[in-house]
S.K.: 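What follows is a structure written as structure tokens; I'll ask about it next.
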Amino acid sequence: MPSLHDATAGRILFGGDYNPEQWPEEVWAEDVRLMREAGVNTVTVGVFSWARIEPRPGIRDFGWLDRVMDLMHGAGIGVVLATPTSSPPPWMGALHPQTLPRAEDGSVVWYGSRQHFCASSPVYRRYAAALTEDLAARYADHPALTVWHINNEYCTSCYCDETAAHFRRWLIERHTTLDALNEAWGTAFWSQGYADWEEILPPRKAQYLHNPAQVLDFRRFTSDALLECYRAERDIVARHTPGVPVTTNFMPLWSGQDAWAWAEHEDIVSVDVYPDPQDPWGGQYNAMLGDMTRSQAGGPWMLMEQAAGAVNWRPVNRPKPAGLNRLWSLQSVARGADAVCYFQWRQSRQGAEKFHSAMVPHAGEHSRGFREIARIGAELAELGEAVEGAPVAAGVAVLHDWDAWWASGQAGRPSTLVDYPEVVRAWHRGLWENGVTTAFARPEGDLSGYRVVVVPQLHLLSDAAIDNLVAYAAGGGTLVCGFFTGVADRENRIRPGGMDARLRALFGIRAVHEWWPLDADATVECGGTGGTEAFEGLLWSEELEAEDGAETVAAYRGGELDGLPAVLRNGTAWYVSTLPEPASLAALLARITAGAGVRPVLEGLPAGVEAVRRGPVLFLLHHGTGPVSVELPAGDHLDLLTGAKTSGRVELGRYGVVALRPLDGAA
């Protein structure tokens, strides 16, 4: 199987989406000059070029793309060649309206934007396959080709009749019989029993709440249907170029795709990451997505898209302050990225994204933004040989699962204020603030390599996942679990007792009597014992009865839950029935990880300074704007970004970064 290493060849890929079809050809030579100046060694071409390549059905115009491919090769720049199937041309929707997706209310989602295709449409799939076949045949032997990029940000849901038929086929394969489906969906509720497969529809607009098990299966089906489209195109390009790696770009924490399942079918796992520069914890969000993508990849990954400055979809789109683009780019490398790319190379003058920043902004080459891009390109060239392909070690795993996310988001749940991605982010933030490098893992996956496993909130857990957690703790691993976990089985049925009996025994819980979600501005007071500081809980609380022998680490104070356990410990298993406010959650995690033998990458860091080891290189990344001083491990170190030798302490200014390789046996 080809890999990212086959494309990088000892360097870090640097570049972005290049859309030359949007510009006169006289601009292309200027692009090449600026790419060389910026240290660009890769560009992604063709993502949205279907209408240009196939202006009418069956007509091919490859001449312009031939010239682009040759131009890039002549400049020593590799091409990530995209199949342009995410945005069908207008003629397809006009001639074949059945290829257009339908919304939940049956209305047509028309062309005029992008991602306007029904993944279940045989007509769409036939056109996409034919175009991919011709594209792969034409450029299979082109020396510029380094990676295949299939489609773009798969995200479309459809509720049309073709999708309904596809959904039924998927359900037959999953459930086999109607009796099994009716049992899995609990259709005895509200007289929903199905007597014929043809009666089953996607969860279209309904009078009141949908069946949550039906919605869950439709989410699973939609992910699988889009994956079928990806695999069809992947198989075509792989047949023509078996040695060229294939990828598609995920969106960060996008609920529509089970990225664990998708990653198994990619040679390179890539992601588009857009932290908000106004978010004071944007650096932690960037770190979390790097950890998640590295874990899905099982090693180095590709940052396919980020913004050089502002985006165009937030209510207020602020640019990145000077230095922040560099900081977050190098942070991604520290957390395993072997490619740092952008949307896009040259900022558009027309279209819906003309206010989205680019490597070459409207201000041109004599701009602060382009100077920073050129600096990043030069520094990545210095880093490549030292870190490319190198691992990032992590002693703690955070469990994350799409089935659990989908199930926890059903309508009619105890609290709509509990937002799964934000709960995951809160727990990762606690680890990040403690300087603990983190990986992500599937609940059913191999956890044996981690000293601590953190479960922020997994409403749904399969029997296999529960057995895995129990076995992990029984083997001496430290397990810490957040609220409202293990409540439902694989079909989203509530487990007897409100939490699986195996988990109750693991955490020392005799009974879960009630869930007590909190209002948006409400908190619960929690008093600590045995050295645990008192803290406030957010979002949630639970009426628990502890088993004899389980230690109440913190108890609720006041109100209906006065004296009941907020944090329980039973051996190496911890259960946290609220969301401690950030400082207290970080303190709790520091206690737990230290007790399990997990130490920060570097002790005594100033606030806002992040330390990550990638292979032999220690990255220090300062997420603040004031000067700080950091004490270094013993010995001499070489800063790969400047070539300077340093020891003792290092000074970091605004958004400062050093990448230190030890000299003479330094730690």
Side-chain angles (χ1 to χ4, degrees), residues 184 186 212-213 216 398-401 403-410 412-415 417-418 420 423-424 426-427 442-444 447 453-474 477-518 524 526 537-556 560-561 563-580 588 592:
L216 175 58
V398 175
L399 299 193
H400 169 48
D401 180 67
D403 274 2
W405 183 0
W406 294 331
S408 67
Q410 72 168 69
R413 60 192 186 271
S415 173
L417 300 179
V418 177
Y420 174 85
V423 174
V424 173
W427 283 83
R442 305 179 80 161
E444 297 89 352
L447 306 177
V453 168
V454 174
V455 185
Q457 189 235 320
L458 292 177
H459 169 76
L460 179 155
L461 281 172
S462 68
D463 286 339
I466 292 171
D467 289 340
N468 195 38
L469 297 184
V470 172
Y472 170 77
T478 297
L479 178 68
V480 53
C481 182
F483 63 83
F484 205 46
T485 288
V487 172
D489 68 9
R490 187 167 176 263
E491 305 299 348
N492 206 11
R493 286 180 290 238
I494 301 300
R495 291 188 180 272
M499 174 190 275
D500 184 84
R502 290 161 291 182
L503 292 180
R504 294 201 307 272
L506 176 62
F507 295 119
I509 298 171
R510 181 172 296 160
V512 181
H513 293 294
E514 292 286 354
W515 300 302
W516 289 82
L518 305 180
V524 286
C526 301
L538 313 173
L539 281 179
W540 193 269
S541 58
E542 294 180 352
E543 187 175 342
L544 303 178
E545 181 181 349
E547 290 280 10
D548 294 339
E551 176 191 355
T552 298
V553 177
Y556 293 111
E560 292 291 331
L561 306 183
L564 296 180
V567 180
L568 269 177
R569 180 182 184 180
N570 189 36
T572 61
W574 298 66
Y575 185 75
V576 185
S577 64
T578 185
L579 181 65
L588 179 63
I592 294 171

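When reading the values below, keep in mind they use all heavy atoms of this one structure, side chains included, and skip hydrogens, waters and symmetry mates. Please read these numbers as outputs of a predicted model, since none were measured by experiment.
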S.K.: Search all heavy atoms of Val398 against all heavy atoms of Pro456 and return the closest pair with its distance.
M.R.: CG1-CG, 3.6 Å
S.K.: Using only atom types and a distance under 3.5 Å, with no angle test, would you say the side chain of Arg495 pairs donor to acceptor with the backbone of Leu461?
M.R.: yes
S.K.: Closest heavy-atom contact between Ala573 and Phe507?
M.R.: CB-CD2, 3.8 Å
S.K.: Please name the pair of heavy atoms, one in Pro565 and one in Ala546, separated by the smallest distance, quoted to 0.1 Å.
M.R.: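 That would be CG-CB, 4.3 Å.
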S.K.: Report yes if some heavy atom in the side chain of Val524 is under 4.5 Å from a heavy atom in the side chain of Tyr556; otherwise report no.
M.R.: yes
S.K.: Between Asn570 and Leu506, is there a donor-acceptor pair closer than 3.5 Å when you use the side chain of the first and the backbone of the second?
M.R.: yes
S.K.: For Tyr420, what residues pass the ring pair (Phe, Tyr, Trp, His ring centres under 6.0 Å) criterion, not counting sequence neighbours?
M.R.: His400, Trp405
S.K.: Run through Ile592, Val455, Thr572, Leu447 and flag the one making a side chain to side chain contact (heavy atoms under 4.5 Å, CB included) with Leu479.
M.R.: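 With Leu479 as partner, side chain to side chain contact (heavy atoms under 4.5 Å, CB included) holds for just one option, Val455.
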S.K.: Is it true that, when you exclude Arg413 itself, more than 12 heavy atoms of the residues, nucleotides or ligands shown sit nearer than 6.0 Å to its CZ?
M.R.: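 Count over threshold, so yes.
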S.K.: Using modelled atom types only, decide if a donor and an acceptor are shared between the side chain of Asn492 and the backbone of Leu460 within a distance under 3.5 Å.
M.R.: no
S.K.: Indicate whether the side chain of Ser462 and that of Glu444 have a donor and an acceptor atom separated by less than 3.5 Å.
M.R.: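 Per modelled atom types, Ser462 and Glu444 side chains form a pair under 3.5 Å.
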S.K.: Which pair of non-hydrogen atoms, one from Thr578 and one from Pro580, has the smallest distance, and what is that distance?
M.R.: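 That closest heavy-atom pairing would be O-CD, 3.3 Å.
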S.K.: Charged N to carboxylate O below 4.0 Å: is that the case for Arg502 and Asp467?
M.R.: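 Yes, Arg502 and Asp467 are salt-bridged.
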S.K.: Salt-bridge test for Arg442 and Asp403: reply yes if a basic N is under 4.0 Å from a carboxylate O, no otherwise.
M.R.: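 Asp403 and Arg442: not salt-bridged.
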S.K.: Side-chain donor-acceptor pairs under 3.5 Å in residues 480-488, sequence neighbours left out?
M.R.:
| from | atom 1 | to | atom 2 | distance (Å) |
| --- | --- | --- | --- | --- |
| Thr485 | OG1 | Leu458 | N | 3.0 |
| Thr485 | OG1 | Gly482 | O | 3.1 |
| Thr485 | OG1 | Phe483 | O | 3.3 |

S.K.: In Å, rounded to the nearest 0.5 Å, how long is the span from CD1 of Ile494 to CG of Asp500?
M.R.: 12.0 Å
S.K.: Is Arg504 reaching over with its side chain to a backbone N or O of Met499, donor-acceptor style, under 3.5 angstrom?
M.R.: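 Checked: pair present.
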S.K.: If I take atom CH2 from residue Trp406 and atom CG from residue Leu216, how far apart are they, to the nearest 0.5 angstrom?
M.R.: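 Taking CH2 in Trp406 and CG in Leu216, the distance rounds to 7.5 Å.
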S.K.: Testing the basics here: between Gly537 and Cys526, what is the closest heavy-atom pair and its distance to 0.1 Å?
M.R.: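 Heavy atoms only, the tightest pair is N-SG, 4.4 Å.
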S.K.: Listing request: all side-chain hydrogen bond (donor to acceptor under 3.5 Å, both in side chains) pairs with a residue in residues 509-518, at least two apart in sequence or in separate chains.
M.R.: Arg510-Glu545, Arg510-Glu547, His513-Glu545, Trp516-Glu543
S.K.: Within the 4.5 Å heavy-atom criterion, are Thr552 and Leu568 side-chain neighbours or not?
M.R.: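 Yes, their side chains come closer than 4.5 Å.
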S.K.: For the atom pair CG (Leu417) and CG (Leu518), what is the distance rounded to the nearest 0.5 Å?
M.R.: 9.0 Å
